[in-house]
Structure formats: C-alpha cells, structure tokens
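Beneath this line is the structure, given in structure tokens, with notes to follow.
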Amino acid sequence: MQSLKLGGTAAAVSDVQRARLTSRKTTRSGEHSLVDISRKAQSGLCFSASTRPVSQTAAPSSPGRQQQHFPVRREVSNYRAFSVVRLLRIEQGGAYADVLSQDGEHAWDRELDYVARTLGFRTAALDPQGQRQVTEIVAGITRWKRYVDFLIKSYYDPHAYDRMEPLLRQILRLGVYELVKMGTPPHAAVNETVKLAKVALRQGAGALVNGVLRTISRDQARGELLEPKVEGDSRSQARALADLYSHPVWMVRRWLCRFGRSETIALMDWNNKPPTYSLRANSARRVSRKSLLETLNELNVISEPSSVLEDFVRVSGGLQAVIRGGLMQRGLCSVQDESGGLVVKVIDPQPGDIIIDCCAAPGGKALNMAACLQKEGKVFAVDINKGKLSLLQNAAIHLGVDDVVITECSDLCSYADRHDLLADKVLVDAPCSGLGVLSKRADLRWRKTSTELEDMVNLQSILLRSAARLVKPGGVLVYSTCSIEPEENHGQVYNFLGCHREFKLESVEGYVPKTFVTREGYFASLPHLHNMDGAFAARFVRMRV
C-alpha cells in the first residue's frame, strides 16, 4: 500500500469552518479544536497510510510456520478494534458484510489474527456480547456510511478526508457513528476512539480524531449538529436526501420519481433499521409453528407468529442463539423471509408435482417447496454455483427432504438444451439488483450501480426464456425477484408475454393475501408497506395445444 500524506493545507479546515470555530468560546482545558489540529498539520504533522496489509484473504499462519509475534494491547477496546478491521475488509478487500457476520467461533479466531496483522497488535478475544456488538456496529456503519461521511466532511476538510488513509477513515467513522447513532456517552466514544487511533497509528492521528469528535459532540449537545439541507432543484434535493438517509443518489432519484418524497423516505428508513428475520417451521419433520415458538422461548429469543404465513415465525434479534441452539442443524426450522414464503405460495407446490427451481441457490424456496410435496414428487434444483449447491444439499439432509431434492450444477441455458424433462411447475427466482433486501444486505446499496441494473435486466430475460422451455403444456411458470424495480419485474413480464404467445398471465389472487396482489395480478411486497423484504412474482400458465 502506498504512503499517502495529508500535510500542510490539505489537513486544514476550510476558512469558513475556521472562522465559525474560532468565534466560539474557548474550549475546555485539554480539548483540541479543529483549528489546533490544522495548525499542527501546517507545522509539519503528516499522516501517512499504514503499510500493514489489509486483505480479505489474508490467512492466519498455518501450523508449522513461524508465528509472527504482536504485542498485546489490552487497554484498547477489543470490539472497536475488531469493528474497524472488519470495515477495512469490506471497503478495501471486497468482503461482504453479511458473510462476515456468520459468527462461528472459528471465524472469530481468524478475525483475531486479522486484527493483529492489520493493527500491529493483539487484543483480547471477544465474548458473545462483544461479537454481537461488532456485527451490529459494522452493519450500522456500513448502512450509515454516506451520512457519517457527510458529518466528518462538514467538520473537517473534505478533500483531505477523501485522501485520508483507510484505517484512519474507519476509526473516524466508528467514533462519529457511536456519537450520533448509537448514543454512546461522549467521554467513552471520544476517549476510546482516540486511544485506538493513537495505538493503531500514531499520536497525531489521535489528536485529529479527538478534535473532530469533540467538535461534533459539542454541536450535538447544543442541538446545532450540521445536517444536509433539502432545498433547491430536484437534483440538489435528491443529493441532500441521499446524504441524510445514506443511500446512493441514483437510487434516491429513481425512487423519488416513482414513489414521491414521503414514501421514499419511509423506504430508506426501513432500509436503515436493523433487519428482522423469519424462520419457517419444518413440516417435513412434523415441526409445528407452536412447538417452534416454544423452543425459541426456551432460548430467550423474542418471536411472534407470522401474520401472513401459517408455518412462519418472526424473530427480533437472537438469530445467533438459534444457530448456537442447533435448531437448523437438527432440522427444526430454516431461515427464510416471509416474502420468499409468499413466492412459494404463488408456485403452489402440491404432492406429486415435478418442479424445477432454475436458480436454486442458496435454496430457501427449493427446500420450502420440497417440504410441501410431502415425500411425493421431486424438486430439481439447478444452479451454476457449485459451492452454494453443496450447502443446499447439506440443508436438505438436515431438513429431511434430501430424497425429494435433486441438485445439478449447470447454467440454465445448457440445462434446458440437455434435458427433455417438462415439469409441472418451474420457478425462475432470477438474479437481480436486490434492492428489495437492503435492510439485510447492509453493503449492497454501495455495490450496485444503475449500469449493473441494466445488465441484470438482460440476464433475467435470457433466463426466463430458457426456463419457459421446461414447462409442460398446462404447467405453471413463476418468475420472481427480490427487487422492487419495475424494469426487473413488470417490464420482464411485458416483454416475455410479447414473445411467448403460448403463455398467459394468471393472477396470484387466491394464492397470497389480497394486500400483496397488484392491479396487474402480480405478487409484490414493499418493505416499508409490508414490513418484510421487497419481492415480486408473476405466475404464467402454458396453454395446451
């Protein structure tokens, strides 16, 4: 990693900010204003990027190799150290926030090594409470990154911040997030973050962090925290709303055009909340929803019955307790959002059906359909990802449906070319933008672009045409996504029907509650209206010759 220096005027606050700050009362003894930090920077204090590697794939030393020794710094908050290293791996190494949150003990052991290699020191291991703190903080900062960056840039030179070394940027984000979103007492948020910056980097970095955080803390206490102003033309308003609710501008602009301002804000509010999860009681092992609720209660997991699906329960937090309790390993339940369960209702799997799930991994819908078949019929689960198919196979064993589910690793076009099988029902749960699941996928909003959305539309069209070849006359084809964007949903249906006269659209009314049925007859869930993931499904019937 190349050295990156932020010295001289680059690290100084702007003239306007300096005038505003120096007009205030003198800071209390021992506090550093941003002007102090600026002067130190101008007097030769440089901030160089850490030369330690930050890699998603950097592995702990293997047995037999000489272990590198790092000092143990127990005075540093361990969950804060873990959090900034995770954030670095997401932003610099391309790791995914949801993958990092699969909190097995072996994963935390690996992350302990990542912390040492990245920060240059070892810290205490995390207990379960610390692990939950890291998971929640990392997801929260990832969601609120744009807003947090707005605040930092408002209290510090934005050009210098953009060129700041990655580790220092993550440490600043952590401190600001604790102050403005977590409500951490200012003395703890400031002092612990400053300590981390000093130990992980240098004294000057700690002074910079101290100045920024103390100024933000004072403004917050006075009710004077700088906020984006939603004013001006439509572009300016969209940009301000994107800063305020921490979403990409292109998403905000398209939602404003479609939903209007109040509904767009409600959608972004939902995306920024901690996600809720649902569990499906496994009927294949004769597990009832009532018994699942009783088991969850014994584990002190807060849960309630789903209001729309008879075999689903909602859980508020505690998902790690479900994993540690072995409920999924024992085949009692599986994690599946209610929107996915409603898509299965649109398919309406019945005993004896032959079903092809064309983009099956990770397998929630395939396993749900398999349970509905009651040992009579087959689900052919097709996917191009061999690793995810393997996970699906293992889950089928745990859930007791491995004799019903048959997996094949293949791209859908080749599968359709090779097989003469015509199924009763075919599901195309197509790869999509995922803009309906931004609550659960904290990092996804920053990974997607409008250009990628266009690419997804092309792929979805190809997959839908291939899947149509696998449906028998009189059979059912269901196209679904976890997107709320019209190009990926209604647009695909319109184009498909224009080219495939042998299919007709059938309303989903009668398969799902009326509140989810659109005027066109599609299934659609919107996160801010239905309190679940956004999803879409259209049901086609192939006419008999």
Side-chain angles (χ1 to χ4, degrees), residues 1 4 47-63 65-142 145 148 164-178 182 184 188-203 205-206 208-209 213 320 442-443:
M1 188 180 297
L4 191 65
F47 301 97
S48 302
S50 170
T51 56
R52 301 186 196 99
V54 179
S55 172
Q56 175 192 357
T57 57
S61 299
S62 58
R65 292 179 59 185
Q66 183 177 359
Q67 296 285 335
Q68 188 171 358
H69 295 287
F70 297 98
V72 177
R73 303 299 297 264
R74 297 190 180 277
E75 74 274 21
V76 174
S77 167
N78 60 348
Y79 75 83
R80 290 180 173 91
F82 273 80
S83 295
V84 296
V85 171
R86 270 198 175 190
L87 289 165
L88 271 175
R89 292 174 59 205
I90 293 168
E91 189 162 278
Q92 299 294 115
Y96 288 88
D98 61 329
V99 174
L100 290 174
S101 298
Q102 303 304 310
D103 300 338
E105 290 303 319
H106 65 287
W108 288 106
D109 289 341
R110 284 199 306 272
E111 289 204 48
L112 192 62
D113 191 83
Y114 289 134
V115 169
R117 291 173 178 273
T118 303
L119 303 183
F121 61 84
R122 290 196 173 273
T123 186
L126 292 169
D127 58 19
Q129 180 181 354
Q131 294 172 7
R132 288 192 297 274
Q133 283 179 297
V134 171
T135 301
E136 292 167 4
I137 287 173
V138 169
I141 293 174
T142 303
K145 180 172 66 173
V148 168
M164 184 178 286
E165 59 192 286
L167 178 55
L168 182 53
R169 185 183 299 117
Q170 303 301 343
I171 292 173
L172 263 175
R173 284 172 176 165
L174 171 64
V176 173
Y177 179 76
E178 286 201 64
M182 291 183 65
T184 304
V190 175
N191 294 342
E192 292 298 327
T193 310
V194 168
K195 188 187 300 180
L196 175 59
K198 287 180 178 178
V199 175
L201 292 167
R202 58 200 161 272
Q203 290 292 320
L208 186 152
V209 170
L213 295 187
Q320 292 304 318
D443 56 320

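Heavy-atom basis, side chains included; hydrogens, waters and symmetry copies ignored. Heads up: numbering here begins at 1 and tracks the sequence.
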List the steps, then state whether side-chain contact (heavy atoms from CB on, under 4.5 Å) holds for E91 with K145. CA-CA 11 Å; E91 189 162 278; K145 180 172 66 173; 3.4 Å; yes
Quick one, T142 with V138, criterion side-chain contact (heavy atoms from CB on, under 4.5 Å). Give me CA distance, side-chain angles, the key distance, then yes/no. CA-CA 6 Å; T142 303; V138 169; 4.1 Å; yes
Evaluate L119 against V85 for side-chain contact (heavy atoms from CB on, under 4.5 Å), listing each step before the verdict. CA-CA 8 Å; L119 303 183; V85 171; 3.8 Å; yes
Run L208 and L172 through side-chain contact (heavy atoms from CB on, under 4.5 Å) and show every step you take. CA-CA 9 Å; L208 186 152; L172 263 175; 4.0 Å; yes
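Between E111 and R86 there is a salt bridge, since at least one side-chain N of the basic residue sits less than 4.0 Å from a carboxylate O of the acidic one.
Of all the heavy atoms in P166 and L88, the pair that sits closest is CB-CD2, 3.6 Å. Shown here for A125 and N78, the closest heavy-atom pair between the two residues is O-ND2, 3.1 Å. Of all heavy-atom pairs spanning P71 and G120, the tightest one is CD-O, 3.6 Å. Closest non-hydrogen pair, E75 versus K195, comes out as O-CD, 3.1 Å. Between R74 and A124, the shortest heavy-atom distance links the atoms NH1-CB, 3.6 Å. Closest non-hydrogen pair, F70 versus F121, comes out as CB-CA, 4.0 Å.
The distance from atom OG1 of T193 to atom CG of L174, rounded to the nearest 0.5 Å, is 5.0 Å. Here Q92 contributes atom CD and T118 contributes atom OG1; the two are 11.0 Å apart, rounded to the nearest 0.5 Å. Considering CZ of R173 and CG of L168, their distance stands at 11.0 Å, rounded to 0.5 Å. Rounding to the nearest 0.5 Å gives a distance of 8.5 Å between CD of Q131 and CZ of F82. Separating the OG1 atom in T123 from the OH atom in Y79 is a distance of 12.0 Å, to the nearest 0.5 Å. The CG atom of L87 lies 10.5 Å from the CG atom of L167; values are rounded to the nearest 0.5 Å.
A heavy-atom distance below 4.5 Å is found between the side chains of E165 and L201. Within the 4.5 Å cutoff, no side-chain heavy atoms of E178 are placed close to those of E192. Using a 4.5 Å heavy-atom cutoff, the side chains of V148 and I141 are not in contact. Taking the side chain as every heavy atom from C-beta outward, D113 and R122 approach each other to under 4.5 Å.
For the side chain to side chain contact (heavy atoms under 4.5 Å, CB included) test, residues two or more places apart in sequence or in another chain that qualify with D127 are Q129.
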